[in-house]
There are 2 protein chains.
Amino acid sequence: MDRRAPLSKDALELVAHRFAVLSEPMRLRLIHALFGGEMSVNALVGETGGTQANISRHLQVLAQANVLARRKDGLQVFYSIADPSIFRLCDLVCGSLEKQFSRKAGAFTGNASR
Amino acid sequence: MDRRAPLSKDALELVAHRFAVLSEPMRLRLIHALFGGEMSVNALVGETGGTQANISRHLQVLAQANVLARRKDGLQVFYSIADPSIFRLCDLVCGSLEKQFSRKAGAFTGNASR
DNA sequence: CCTATTTATGAGCATATCCACATATACTTG
DNA sequence: CAAGTATATGTGGATATGCTCATAAATAGG
């Protein structure tokens, strides 16, 4: 494994895109809401206080990135966390931020530690 | 720790911003170049092939987010990785992406595992 | 002091992203 | 099939982000 590999442009863009998907507060709010298990779009709208259109779009983004899974049942669509690495990712970032400001910024992980 | 806490808007924005900082390919390239230790701006310009102005700006972003540290010595400014959680973050994301596509996307971690 | 070198920054353009509003689509029930 | 409910999508406007070119600021050497 050559540490100095050209870092194929494709690989870089993939990683960057993964981070980009997680870089919107509303999307983080959705992910956090799903820490407790799958929820319908409507339930997520209620939980987050966003508009239906906006929530739906964010869910598309998260699902296309394979962060969330989509399950359709009749009229409703249920989303759930598909990529378990999300839990550790959030723990890592929150931990790092907590070190920087010894207060605040800790609320996000909740009890995500699994 | 109430998992259903309001997720203070501030905390969410902090986490989102941290991810946003890592969501640009050129910034990831810079971080990867620094896996081997501190480097001057000029060295990073050479290593990444970007323009001096652009690299300088990206380095500002990373330093302000406390991802990188800045050390000035005479004319040169040396940057290095300040937040060790970056290593695990990249490992996590790369690992997750590798599972999705069982090929490619693995180049980024290099030998970051510390 | 004058010049060269290294890094940072101001300005402007191009593009991407988010949001809200309206509307379309999918499905269920009567 | 008509109507209602849940979800998705087209569109446009506002804002943010990244890039380049030119230039400023800091420092070292002669």
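Within every chain, numbering begins at 1; the chains are lettered A, B, ... in the order of the sequence lines, protein sequences first and strands thereafter.
Among the protein residues, S56(A) comes within range of the nucleic acid bases, having at least one heavy atom under 4.0 Å from a base atom. At the heavy-atom level, Q52(B) lies under 4.0 Å from base atoms of the strands shown. F78(B) comes within 4.0 angstrom of no nucleic acid atom, judged by non-hydrogen atoms across all strands.
In this structure, the NZ atom of K72(A) is 7 Å from the P atom of dA26(C), given to the nearest Å. When the C1' atom of dA6(D) is taken as reference, atom CD of Q76(A) falls 7 Å away, rounded to whole Å. Counting to the nearest Å, the P atom of dG29(D) and the CG atom of L75(B) are 8 Å from each other. The CD-P distance, from E24(B) to dC19(D), rounds to 6 Å in whole Å. Between the C1' atom of dT9(C) and the CG atom of L59(B) lies a distance of 14 Å, rounded to the nearest Å. Atom CG in L68(A) sits roughly 12 Å away from atom P in dA8(D) (whole-Å rounding). Nucleotide dT9(D) holds its C1' atom 12 Å from the CD atom of Q64(A), rounded to whole Å. Rounded to an integer number of Å, the gap from CD of Q60(B) to P of dG10(C) is 11 Å.
Side-chain atoms of R27(B) come within 3.5 Å of backbone N or O of V21(B) as a donor-acceptor pair. In this structure a side-chain-to-backbone donor-acceptor pair under 3.5 Å is missing from S96(A) to L92(A).
Here the side chain of A53(B) is nearest to one of dA22(D), dT7(D), dA22(C), namely dA22(D).
Inter-residue side-chain proximity for V41(A) and Q76(A) is flagged as unmet; no heavy-atom pair is nearer than 4.5 Å. Looking at I55(B) and L30(B), their side chains come closer than 4.5 Å, going by heavy atoms from C-beta outward.
The hydrophobic cluster containing I86(B) does not contain F78(B), counting ILVMFWY residues as joined when their side-chain heavy atoms lie under 4.5 angstrom apart, directly or transitively.
At a cut-off of 3.5 angstrom, counting only N and O atoms as typed in the model, there is a donor on one side and an acceptor on the other between the side-chain of R57(A) and the base of dG10(D). Between the side chain of R71(B) and the base of dT7(C), no donor-acceptor pair under 3.5 Å is found.
Both Y79(B) and R27(A) lie close to DNA chain C; mapped to their nearest nucleotides by heavy-atom distance, the more 5′-ward contact belongs to Y79(B). Of the two residues contacting DNA chain C, namely N54(A) and G74(A), the nearest-nucleotide position lying further toward the 5' end is that of N54(A).
In this model, the phosphate group of dC19(D) is approached by a side-chain N or O of H58(B) to a distance below 4.0 Å at OP1 or OP2. A close approach under 4.0 Å does occur between a side-chain nitrogen or oxygen of N42(A) and OP1 or OP2 of dT7(D).
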